Number of protein chains: 2
Amino acid sequence: MTRPPAKPGPKAPPRRALTLRDVSELSGVSEMTVSRVLRNRGDVSEATREKVLTAARDIGYVPNKIAGALASQRVNLVGVIIPSLSNMVFPEVLAGISEVLEDTGLQPVVGVTHYSPEREESVLYEMLSWRPSGIVIAGLEHSGGARAMLDAAGVPVVEIMDTDGPPVDSAVGISHRKAGRQTAAAILAAGYRRIGFLGTKMPDDHRARKRMEGFEAALAEAGLVLEDREFYAGGSALLKGREMTEAILRRSPHLDFLYYSNDMIGAGGLLWCLENGIDVPGKLGLAGFNGVELLQGLPRRLATVDSCRREIGRLAAEIIAGKRPGGVIGGEVLELSPVLHPGDTIRT
Amino acid sequence: MTRPPAKPGPKAPPRRALTLRDVSELSGVSEMTVSRVLRNRGDVSEATREKVLTAARDIGYVPNKIAGALASQRVNLVGVIIPSLSNMVFPEVLAGISEVLEDTGLQPVVGVTHYSPEREESVLYEMLSWRPSGIVIAGLEHSGGARAMLDAAGVPVVEIMDTDGPPVDSAVGISHRKAGRQTAAAILAAGYRRIGFLGTKMPDDHRARKRMEGFEAALAEAGLVLEDREFYAGGSALLKGREMTEAILRRSPHLDFLYYSNDMIGAGGLLWCLENGIDVPGKLGLAGFNGVELLQGLPRRLATVDSCRREIGRLAAEIIAGKRPGGVIGGEVLELSPVLHPGDTIRT
DNA sequence: TTGAAAGCGCTAACAT
DNA sequence: ATGTTAGCGCTTTCAA
C-alpha cells in the first residue's frame, strides 16, 4: 500500500511551504509586522493584529524556526544525553526535565549513548551543531573530546546523576559513594557481617562503580570485605535477580546480607527468597538502590536508597531555563541527600 | 556557587561561535571546499581534505546545522510525540525508534502530551516549526487542528501503537480491539464465565478503551457481560493493582476472572492473590496486557498479550528513514499480530 | 505603529 | 578539483 501518486485533491497541500511573505500578502501588511504579531513583539495595533492572525490561520501558516533561529541566534532546543532508555531510571529523569521545560517553550532533544564514551562524543557533537540553549548530560566522566566541546559550548551545561567529581559547569545529583557508604552503615548497624554484592557488569557505569566503592570502603573501615560477588549483563533484571541470588547463595550459603546494585535485581532476589522460605530479614538481609515505585507493590518493601531521579531532572531543567532561585546563572553543584528506606528487609 | 565572573583564562573560549570562514582562513581554502570536506560531498583532493580537517579540529569547529538546514532545506530531526514517559511503554517505543535512527543520522525530538489533545496540538505545532524529516505520533485520534497540520506537513507521518482506524499517512501498531477480543476468546475457551475488568480511568486513552470494547464485544457474542469493573488513576501501578483486586473481590467474590488493562496492575493483582492463598488459575484466572519484561521474574507468569512496543518503534523509524523493503515511500499500514501468552494464570 | 535594508552561516547551482 | 554567486526565511536595526 503506497501513497497515491500526486493525486491533486481539492485541497492539495502546497508543494512549497508557506512563508511569512504569504501571510504578508494575504493580510496586506509587511512581513516585518506579521513577524511581530506572530511573536507578540513590539507594538501592533489591534486591527492589524486581527488581520494577520486571521490570515495566518486561514492558510495554516507554521513559522519556520530554522530561519528564525538563524536570524535571532536563539534556539529553543535543549540537548539531553543519557546512557539508556531501557530501564525506568533515565525516562524518569527525562520526565522531570520535560515537566519543567513544558512551561518554558524549550524542547528536549534526546540522545542515547548506550554507556559508550565514543557514542557520547558523537551524540554531543551532533547536538551542539544545533546550537541548543543548554546541554543536560548524564555523569561526570567524558572523553577528552567531549569535555573540550562542553567547555567551549558557551551555553549552560548540567551534568546529572552524580556529584562525585568536578563538573564542567553545573551538576545536579547525588554522591553515589556516599550512597554506598550509607547503605553499608545501615547494614553494619543492624549486625550483618557476611556480605555479598550483586550487580551489573558495566565498566562504563561509573555510578554503579562508585556505589560499590563507597560500600566497600565503609566495610573496610569496619574491618570487613565483601565475601562474594555476582555480576550480570542484559536480560530481564527481575529474572536475573532471582538467578543471581540463587547462584550466590548456593556458592556462599553463609552470607547474611545481599547488596544489589539496583532495585530491579533486588526485587527479583527478594521474590526468590520469599518463595524459598528464607527468613528475610532475620537470617538474610537485602538492599537495593534507586527507590523505584515498583517496590511499593511487592510483598515486602526492599531496603533502598532513593536516587531522586525526577527531582534531578527538574532541577537540571530549571538551571537550563534560568529559573533557579536567586537568579544564579551557572556553576551550581546541587548535591541532593538521598534517604535510605530500610523497608522490611533489614532487621531492626 | 556561581560561575566566576568572566575570568579570562589562558584558553578563554571565543565569544563569537566559530564559522566556516574561520576554518577557511586557517586552512587557506574556500568556504565552499571546507563545507564539502566536512560533509563528505563532492570531489576533494586528499591534501586539501587533510588541511581542512586539521584546521577544523585545531580550533574545535562545530558546524552550524541551523544555517545548513536553512540553506539545504534538509533537517535531520524527527518529531516523536507520545502521551507519557511515566510507564515503560513509551520509553520502550522510543528505544526502538532511537535504535534505528542511530544509523541514519536522524535525531529524535521528544514531545509529551499527557494524553491531552490540546497539548498534542501545541507540541505538534512546535515540532513542525522545525520542519522535521518526519513525525511519529502515538494514536489515530487527533484534534481537527492537529489533523490538518499532519495532512499538510509534507513529510512522512507515522501514527503508532494503534491500527483501529484510518491513518493520516502510515500507521504501525496492533489492533487493540482484536487484542481485547483475543483475550476474551482465550478466557472463554478456558471456561471462565464471571469476569471483571480493572483499568485506568483515562478518557483519552483510546487504546485502553478499544481493548475493553473488543473484550466486551467478544463477551457479548457469548451472551455474557462484564460483571464488575474497577478503575484507578495515578500512583504505583503495582500497588494499585493489589488494592483494586482486593476491592473488586470483596465486592464481587463470585468472579472467576480478572482482566487488567495493563500488566503492572495485573502483576499487583497476581501478587495479592498469591499472598492471600487464592487458587490461581484454578479458582480465579488473571490476564493483563503489554507483555512487559517484568513478568518474567514474577512467581507465576501472568497471561498477557504482547503489544510489540519496541518493534513498533523500529518499524516507524524505518518508515521515516525510508528504509522499508521495496522502497515503499508512505501510506503503509503495518498491523502487527500480537501473541497471547497464556502464562500460568489461565487454566488449560 | 509600520516598513526597508541588511544580514544570520550555510549550501545549491553554476562557473572555472 | 576548486571557487563564485545568490539565496534559504526569518529577525535586527534603523528609519519613517
Side-chain angles (χ1 to χ4, degrees), chain A residues 14-53 55-56 59-77 105 126 128-133 154, chain B residues 14-53 55-56 59-77 105 126 128-133 154:
Chain A
R15 194 57 259 146
R16 181 183 58 74
L18 297 168
T19 69
L20 265 191
R21 171 172 214 121
D22 296 297
V23 183
S24 163
E25 284 172 0
L26 182 57
S27 61
V29 171
S30 78
E31 288 186 38
M32 197 50 236
T33 301
V34 173
S35 169
R36 282 196 266 253
V37 171
L38 265 22
R39 286 177 299 143
N40 288 313
R41 278 287 141 68
D43 294 320
V44 181
S45 77
E46 195 46 46
T48 339
R49 186 181 182 66
E50 287 298 328
K51 261 194 303 190
V52 170
L53 253 17
I59 61 176
Y61 172 70
V62 177
N64 185 330
K65 290 219 181 193
I66 310 263
L70 183 61
S72 68
Q73 309 278 56
R74 258 189 300 265
V75 179
N76 71 340
L77 259 21
E126 186 72 9
L128 288 177
S129 73
W130 283 102
R131 304 289 189 266
S133 292
Chain B
R15 193 61 257 146
R16 181 183 57 76
L18 297 168
T19 70
L20 266 190
R21 173 172 212 120
D22 296 300
V23 183
S24 164
E25 284 171 358
L26 183 57
S27 61
V29 171
S30 78
E31 289 185 37
M32 196 54 231
T33 300
V34 173
S35 169
R36 281 196 266 256
V37 171
L38 264 21
R39 287 178 299 145
N40 288 313
R41 279 286 142 70
D43 296 320
V44 181
S45 78
E46 196 47 46
T48 342
R49 186 181 182 66
E50 287 298 330
K51 258 193 304 189
V52 169
L53 254 18
I59 61 175
Y61 173 70
V62 177
N64 185 331
K65 289 220 181 194
I66 310 261
L70 183 62
S72 67
Q73 310 277 53
R74 256 175 281 117
V75 179
N76 72 340
L77 260 20
E126 186 71 10
L128 288 177
S129 72
W130 283 102
R131 303 288 188 266
S133 291

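Here the structure is a predicted model, which is why all the values come from computation and not from measurement.
No donor-acceptor distance shorter than 3.5 angstrom exists from the side chain of A/S129 to the backbone of B/N64, with no hydrogens or angles considered.
Open room surrounds CZ on B/R21; 12 or fewer heavy atoms of other groups in view lie less than 6.0 Å from it.
For B/L20, taking side-chain heavy atoms from C-beta onward, the closest of the listed nucleotides C/dT1, C/dG9, C/dC10 is C/dC10. Among C/dT1, D/dT4, D/dG9, the nucleotide with an atom closest to any side-chain atom of A/L70 is D/dG9. Across D/dT2, C/dT2, D/dG9, the shortest atom-to-atom separation from the side chain of B/V44 is found for D/dT2.
When rounded to the nearest whole Å, the span between CD1 of A/I66 and C1' of C/dG7 equals 18 Å. Separating the NZ atom of A/K51 from the C1' atom of C/dT1 is a distance of 12 Å, rounded to the nearest angstrom. As rounded to whole Å, 11 Å separates atom C1' of C/dC10 from atom CZ of A/R131. As rounded to whole Å, 15 Å separates atom C1' of D/dT2 from atom CZ of B/R49. Put simply, CZ on A/R21 is 16 Å from P on D/dT11, counting in whole angstrom units. In this structure, A/Q73 places its CD atom 13 Å from P of D/dT11, rounding to the nearest Å. Put simply, CG on B/N64 is 14 Å from C1' on D/dC10, counting in whole angstrom units. Atoms CH2 (B/W130) and C1' (D/dC10) sit 12 Å apart, rounded to a whole Å.
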Check: Passes side chain to side chain contact (heavy atoms under 4.5 Å, CB included), B/V52 versus B/V44? Steps please.
Finding: CA-CA 10 Å; B/V52 169; B/V44 181; over 6 Å; no
Next item on the list: Under the side chain to side chain contact (heavy atoms under 4.5 Å, CB included) rule, what do B/V37 and B/L53 come out as? Steps first, then yes or no, please.
Entry: CA-CA 8 Å; B/V37 171; B/L53 254 18; 3.6 Å; yes
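In this model, the phosphate group of D/dC10 is approached by a side-chain N or O of A/Y61 to a distance below 4.0 Å at OP1 or OP2. OP1 or OP2 of D/dT2 lies within a sub-4.0 Å distance of a side-chain N or O belonging to B/S45.
Taking 4.5 Å as the limit, some side-chain heavy atom of B/I66 sits within range of a side-chain heavy atom of B/W130. Looking at heavy atoms from C-beta onward, B/R131 lies out of side-chain contact with B/Q73 at the 4.5 angstrom threshold.
Toward the 5′ end of DNA chain D lies the nearest nucleotide of B/T33, the other residue of the pair B/T33 and B/A67 mapping further downstream.
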Under 3.5 Å, which N/O atoms of the protein pair with N/O atoms of nucleotides 12-16 of chain D?
{"from": "D/dT12", "atom 1": "OP1", "to": "A/R74", "atom 2": "NH2", "distance (Å)": "2.4"}
{"from": "D/dT12", "atom 1": "OP2", "to": "A/R39", "atom 2": "NH1", "distance (Å)": "3.3"}

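Closest approach of B/R16 to B/T19, counting heavy atoms only: NH1-CG2, 4.0 Å.
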